[in-house]
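Worth saying up front: this structure is predicted, and the values here are computed from it rather than measured. Whatever order the structure lists ligands and atoms in, that order sets their numbers, starting from 1.
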Amino acid sequence: MCGILGYIGNRDCVRFLIDGLKRVEYRGYDSAGILIYDGKNTSVVKQPGKIIELEKLIGDSLKGNAGIAHTRWATHGEPGHANSHPHVSNNGNIFLVHNGIIENYTSLKKKLEKESFTFYSDTDTEILVNLIQFYYAGCIENAVKRALADVEGTYGIGVFCSEEPGVLIAARMGSPLLIGIGENENYFASDPASVLKQTDEVVYMQDGEIAVITDSKVVHKTLDDVLLEKDVEKISFELSEIEKSGYDHFMLKEIFEQPRTINDSMRGRILLDEGTTKLGGLSEHPEIYSRLLNAKKIFIVACGTSWHSGLIGEYMIEEYARIPVEVEYASEFRYRDPIITPGTVVIAVSQSGETADTLAAIKEAKRKGATVFGICNVVGSTISKETDAGVYLHAGPEIGVASTKAFTSQVIVLALITIDLARHRNMSFREGYKIVKELKNLPEMVEKILENSEKIKELAKKFSSASNFLYLGRGFNFPVALEGALKLKEISYIHAEGYPAAEMKHGPIALIDENMPVVFIAAKDSIYDKVVTNIREVKARNGIIIAIASESDSEIDLIADYVIKIPEVTNLLSPILTVIPLQLLAYYIAAEKGYDVDMPRNLAKSVTVE
Ligand code: M6R
């Protein structure tokens, strides 16, 4: 989604702003723009397309010590020049970059039209910048506050006013924003990755806050003018973690990072001698934690890949901890008036911690009195702050739009929670011990699968021109089938469907012919035999079988056309292994087709609009 960035200080900031925008390219965008103040004049350069094109357009023509910049992911209006940010007020003095959506923009527009304002774009942002002009009476801070008091919706904004060039204003309601602290220079940004090369000291803004930024200080206030003392925090990751480090794409790097990230998600959380797990983010809040331990019902709310890991969580928690679980798309949960009674606990799962639908579901659940736990990757994200307690994934920054390492870490964290719950309820030491011991071996097993990547690459070459794929799995591996299909369609634009394997004969079987690759997740587990029956059904209709199967399984070699072998592991942990070949298959097919794997068309890394 959109990225915003601003600088004020004593250095030429054009390079910094362009580099900072490039750091958030992964979030998805379709146009980019920059405003620079050179001490006398302001210049705006913006256009649809990639940042590299904007960079070419700017060349050496711009220099200045203050500026604001933006990448836009179109919501109101097409991604053309007029709709790109920064937007400027009618009098040419006020410039605005904005993430989010002004919901009441139509009524604000009418109000401003009556005051003879003219609009040149289709955006809600242009309305806000003119509203700020409307209220401007010599103090940009006050004008922004007055304008925001009229606004309904979400925003993270950065404002520059040529009548007060020594100050930038930043304000936040629902869209992430932070202040970067430098020496004789300061920054605002929607993503810490944009400023990390300059500073690792940041102040995270919260909803309803405004920051008045000069080169020497930053004053934090609420929008109704109460001064705030804010903590300076350190960015929780290193620069090397947001670089490709020799890989062709971030996605490939992140797939190969999984032995380490899986380990990081478990580190310090396994009590082998007690055959259980302990998550500080939960146990440090005993009263809230006991609500989870005694939950009568759990809802898991999430979107996309996080929803798939939530489904695995449902299978795990119901089978091992015997608590009823319902998994909901966050976007549906919010609007369908779910039944929340005393004892209902909601777990929100999100890599970014900023997904608008998931946030809205959390708010709705809290409004109805549920206790809400978060499972997030991004430290300090909005969801991590909005929930009563929660657990971080510690998977490090995920840049590739197609989520990979966050998925395996989510499944790990859900397994850790399941074991903790189950051991408090009904699971024996013996069973707990067996599972946590296997958890510890997972990084090595994932490493082993990754060593086989060349074979998967070869397979990808064979199937890169297929126009449809079917992914089938059962039990814990049914959500993996959904995830495999999602990965493929996201980055290769090949149509793919995921189904529970047995459900195939109720409809999708009609699609099967000699051109249809069918990926079966057929690990040796309690329903293996049933999956084999489903494989035979596809084979009988001449479908092409690609099977993800256990090392010891020789039977499958006789039925499937292509087999990718993986180590054997207990049922509940199986998805962490079976998903790896599917991630690689999707990646190599997309790379073979020459697509921009890290920035697939139309997609944003963090979907901050509903
Ligand atoms: O940041 P979140 O986990 O809340 O994001 C949810 C989805 O938008 C995300 O998983 C999306 O489906 C990815 N592109 C999947 O690869």
Test of understanding: with salt bridge (charged side-chain N to carboxylate O under 4.0 Å, His left out), list the residues that count as partners of Lys455, not counting sequence neighbours.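 Lys455 satisfies salt bridge (charged side-chain N to carboxylate O under 4.0 Å, His left out) with no other residue.
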Check salt bridge (charged side-chain N to carboxylate O under 4.0 Å, His left out) between Asp248 and all other residues, then give those that pass, not counting sequence neighbours. none
Which residues share a side chain to side chain contact (heavy atoms under 4.5 Å, CB included) with Arg269, sequence neighbours left out: Leu279, Val391, His394, Val413, Leu416
Any idea which residues sit under 4.0 Å from ligand 1, heavy-atom distances?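 Those residues closer than 4.0 Å to ligand 1 by some heavy atom are Cys303, Gly304, Thr305, Ser306, Ser350, Gln351, Ser352, Thr355, Val401, Ala402, Ser403, Lys487, Glu490.
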From the options Ser403, Ser350, Ser306, select the one residue that forms a side-chain hydrogen bond (donor to acceptor under 3.5 Å, both in side chains) with Gln410. Ser306
Sole residue of His249, Glu254, Glu592 in side-chain hydrogen bond (donor to acceptor under 3.5 Å, both in side chains) with Tyr587: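 Between Tyr587 and the candidates, side-chain hydrogen bond (donor to acceptor under 3.5 Å, both in side chains) is satisfied uniquely by His249.
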Shortest non-hydrogen separation from Tyr392 to Asn377 and the atoms involved: CD2-O, 4.1 Å
